[in-house]
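Down below is the structure, laid out as structure tokens.
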Amino acid sequence: MNHTAKGMNQKLNVLRAGVLGANDGIVSTAGIVIGVAGATTDTMTLMISGLAGMVAGALSMGGGEYVSVSTQKDTEKAVVEAEKIKIRDNYDGEVDELAQIYIKNGLSVDLSKKVAVELMTKDAIGAHAAAELGVNPNEYVNPWQAAFSSMISFSIGAFLPLLSILLLPESVRVLFTFITVLLALGLTGFVSAQLGGAPKRPAVIRNILVGAMTMAITYTVGNLL
């Protein structure tokens, strides 16, 4: 895979993660405000519970992404360091190993050997990291970027059910929030399937069913309290 294709894939992964983060914000916040609405009609209580859920969820998502991506970054650094030692101790063997990778990708034996030698001469670590490990040693993943992206996307998604439950009249707030959330989940399911190249209808239906079940259960629980 060339650098342009890798860059495009990374951008799509970030965008897909943002869509999924917004989806989580919609579902979790909708579950909270619908559940509370089942127990009380007090607008202040709904606002406080919704905001608390949004802030807690955004921080949880951001913290989880930071830890996960930091672990990935540490792993990438570790394998690159291990590769440096292998190149230092067995340079010719690593040239042959790189050539074998190109042979498996369809190049001729002679051309693979020539490419491997030239790339190793120019940047041995970069050549091996890209071809063998799929890592760019000059561009590791950024845990802070992932954390903030997740927090922002979750918060954006959470605002939809929160504003809906607060701004609509008391008599229709639950029903219209329910409908608004399901429409939004249908959209995020469609977009995530589109970005991932997956079938769209199952993704949309699955997303809507999960959201509907979440809100129905939390509303029932709120009504019972």
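Start at 1 with the first residue, then count along the sequence.
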Answer with yes or no whether the hydrophobic clustering places [X] together with [Y]; edges join I, L, V, M, F, W, Y residues whose side-chain heavy atoms lie under 4.5 Å apart.
| X | Y | value |
| --- | --- | --- |
| L183 | I34 | no |
| F148 | L59 | yes |
| L51 | I152 | no |
| I165 | L160 | no |
| V117 | I87 | yes |

Between [atom1] on residue [X] and [atom2] on residue [Y], distance to nearest 0.5 Å:
| X | Y | atom1 | atom2 | value |
| --- | --- | --- | --- | --- |
| S68 | K73 | OG | NZ | 13.5 Å |
| D96 | I101 | CG | CD1 | 11.5 Å |
| F159 | I26 | CZ | CD1 | 13.0 Å |
| L111 | I103 | CG | CD1 | 10.0 Å |
| M61 | D24 | CE | CG | 4.5 Å |
| Q100 | K113 | CD | NZ | 9.0 Å |

Can you name the nearest heavy-atom pair linking [X] to [Y], along with the distance?
| X | Y | value |
| --- | --- | --- |
| M215 | A30 | SD-CB, 3.9 Å |
| T121 | Y91 | N-OH, 3.7 Å |
| P143 | S70 | CB-OG, 3.3 Å |
| A203 | A193 | CB-CB, 3.7 Å |
| L182 | G211 | CD2-C, 4.2 Å |
| N207 | G189 | ND2-N, 3.2 Å |

Would you say the side-chain atoms of [X] pair up with the backbone N or O of [Y], donor to acceptor, closer than 3.5 Å?
| X | Y | answer |
| --- | --- | --- |
| S155 | M151 | yes |
| S49 | L46 | yes |
| T188 | L185 | yes |
| S60 | A56 | no |

Could you please spell out the steps behind the salt bridge (Lys or Arg N to Asp or Glu O under 4.0 Å) verdict for K84 and E81? CA-CA 5 Å; K84 288 180 180 179; E81 289 302 316; 3.2 Å; yes
Minimum side-chain heavy-atom gap Q145-V69 below 4.5 Å: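 They are not in side-chain contact.
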For the residue pair V181 and S164, establish whether any side-chain heavy-atom pair is separated by less than 4.5 Å.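 V181 does not reach S164 side chain to side chain.
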Please determine if K86 and E83 form a salt bridge, counting it only when a charged side-chain N lies under 4.0 Å from a carboxylate O.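 Yes, charged N to carboxylate O under 4.0 Å.
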For atom NZ of K114, is the number of surrounding heavy atoms from other residues, nucleotides or ligands below 6.0 Å larger than 12?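 No, because the 6.0 Å sphere around NZ of K114 holds 12 heavy atoms or fewer from other groups.
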Just grab all the ring pair (Phe, Tyr, Trp, His ring centres under 6.0 Å) pairs involving residues 17-73, residues at least two apart or on different chains.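 The answer is Y66-W144.
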Residue from D42, T41, T43 passing side chain to side chain donor-acceptor pair (under 3.5 Å) with T45: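 It is D42; the other options fail the test.
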Would R173 and L167 count as a side chain to side chain contact (heavy atoms under 4.5 Å, CB included) if you check the C-alpha gap in whole Å, the side-chain angles of each, and the deciding distance to 0.1 Å? CA-CA 8 Å; R173 63 173 35 156; L167 298 180; over 6 Å; no
Please report the C-alpha distance between S28 and F154 in whole Å, then the side-chain angles of each, then the deciding distance to 0.1 Å, and finally whether the side chain to side chain contact (heavy atoms under 4.5 Å, CB included) criterion is met. CA-CA 10 Å; S28 60; F154 183 95; 3.2 Å; yes
Please assess I32 against T218 for the test side chain to side chain contact (heavy atoms under 4.5 Å, CB included), listing each intermediate value before the final yes or no. CA-CA 7 Å; I32 291 172; T218 56; over 6 Å; no
